[in-house]
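This report concerns only the one structure given below.
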Amino acid sequence: MSGAVDAVTDGARTERIAGGSALLTRMTGGGCSLGAVVAACVAAADGPDAAFAGTIAAHAVYAAASERAAAVATGPGSFAVAFLDALAGVDAVDVSAPERFAKEVPA
């Protein structure tokens with residue numbers, strides 16, 4: 001579930017990822033591109049929790065990129081372009097900030 005705080009669950013665990021920009025809701029293709037980022041992160045993840053970990057990582061990448069883009073955008077059009085640039089520049093520091101993650105809770 002996406003919103004001000006995204007919730008990712010595998011049915012047994014739930015992780016909440018904070019952040020992002022409301023401008024994502026005004027950008028055509030935002031949900032579709034999140035699906036592509038999730039697929040890429042899941043494919044890159046390893047181990048028995050790859051799907052869960054990759055999905056969490058994707059949401060963190062998306063939140064960080066949208067925050068970067070919103071900081072320079074003047075509206076939804078410039079946000080869309082800035083968001084693509086920001087996706088290319090997100091790094092581990094952007095996605096691993098402790099405030100990005102809420103405590104894991106049972107589903």
Side-chain angles (χ1 to χ4, degrees):
M1 176 175 48
S2 291
V5 176
D6 293 350
V8 174
T9 185
D10 65 358
R13 301 168 290 177
T14 299
E15 183 77 35
R16 296 183 189 336
I17 302 94
S21 170
L23 283 170
L24 279 171
T25 64
R26 299 182 61 203
M27 180 184 82
T28 300
C32 296
S33 59
L34 175 58
V37 173
V38 168
C41 289
V42 168
D46 196 17
D49 286 335
F52 189 60
T55 303
I56 292 165
H59 281 261
V61 165
Y62 226 66
S66 68
E67 290 167 358
R68 278 188 180 187
V72 298
T74 58
S78 61
F79 174 80
V81 173
F83 180 67
L84 292 176
D85 290 339
L87 275 175
V90 170
D91 60 25
V93 172
D94 294 321
V95 299
S96 63
E99 63 273 9
R100 177 98 39 226
F101 300 95
K103 182 180 175 196
E104 191 174 346
V105 296

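Rounding to the nearest 0.5 Å places CD of Glu67 at 12.0 Å from CG of Leu23. For the atom pair CG (Asp10) and OG1 (Thr55), the distance works out to 9.5 Å, reported to the nearest 0.5 Å. Note that the OH atom of Tyr62 and the CD1 atom of Ile17 stand 14.0 Å from one another [nearest 0.5 Å].
Taking both residues in full, the closest heavy atoms of Ala58 and Leu34 are given as O-CD1, 4.3 Å, listed atom of the first, atom of the second, then distance.
Looking at heavy atoms from C-beta onward, Ile56 lies out of side-chain contact with Arg13 at the 4.5 angstrom threshold.
Although no hydrogens or angles enter the test, the distance criterion places a donor-acceptor pair under 3.5 Å between the side chain of Ser66 and the main chain of Ser21.
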Could you tabulate the donor-acceptor pairs under 3.5 Å formed by side-chain atoms of residues 78-94, not counting sequence neighbours?
residue: Ser78; atom: OG; partner: Thr74; partner atom: N; Å: 2.8
residue: Ser78; atom: OG; partner: Thr74; partner atom: OG1; Å: 3.3
residue: Ser78; atom: OG; partner: Gly75; partner atom: N; Å: 3.2
residue: Ser78; atom: OG; partner: Gly75; partner atom: O; Å: 3.2
residue: Asp91; atom: OD1; partner: Val93; partner atom: N; Å: 3.1
residue: Asp91; atom: OD1; partner: Asp94; partner atom: N; Å: 3.0
residue: Asp94; atom: OD1; partner: Arg68; partner atom: NH2; Å: 3.4
residue: Asp94; atom: OD2; partner: Arg68; partner atom: NH2; Å: 2.6
residue: Asp94; atom: OD2; partner: Asp91; partner atom: N; Å: 3.0

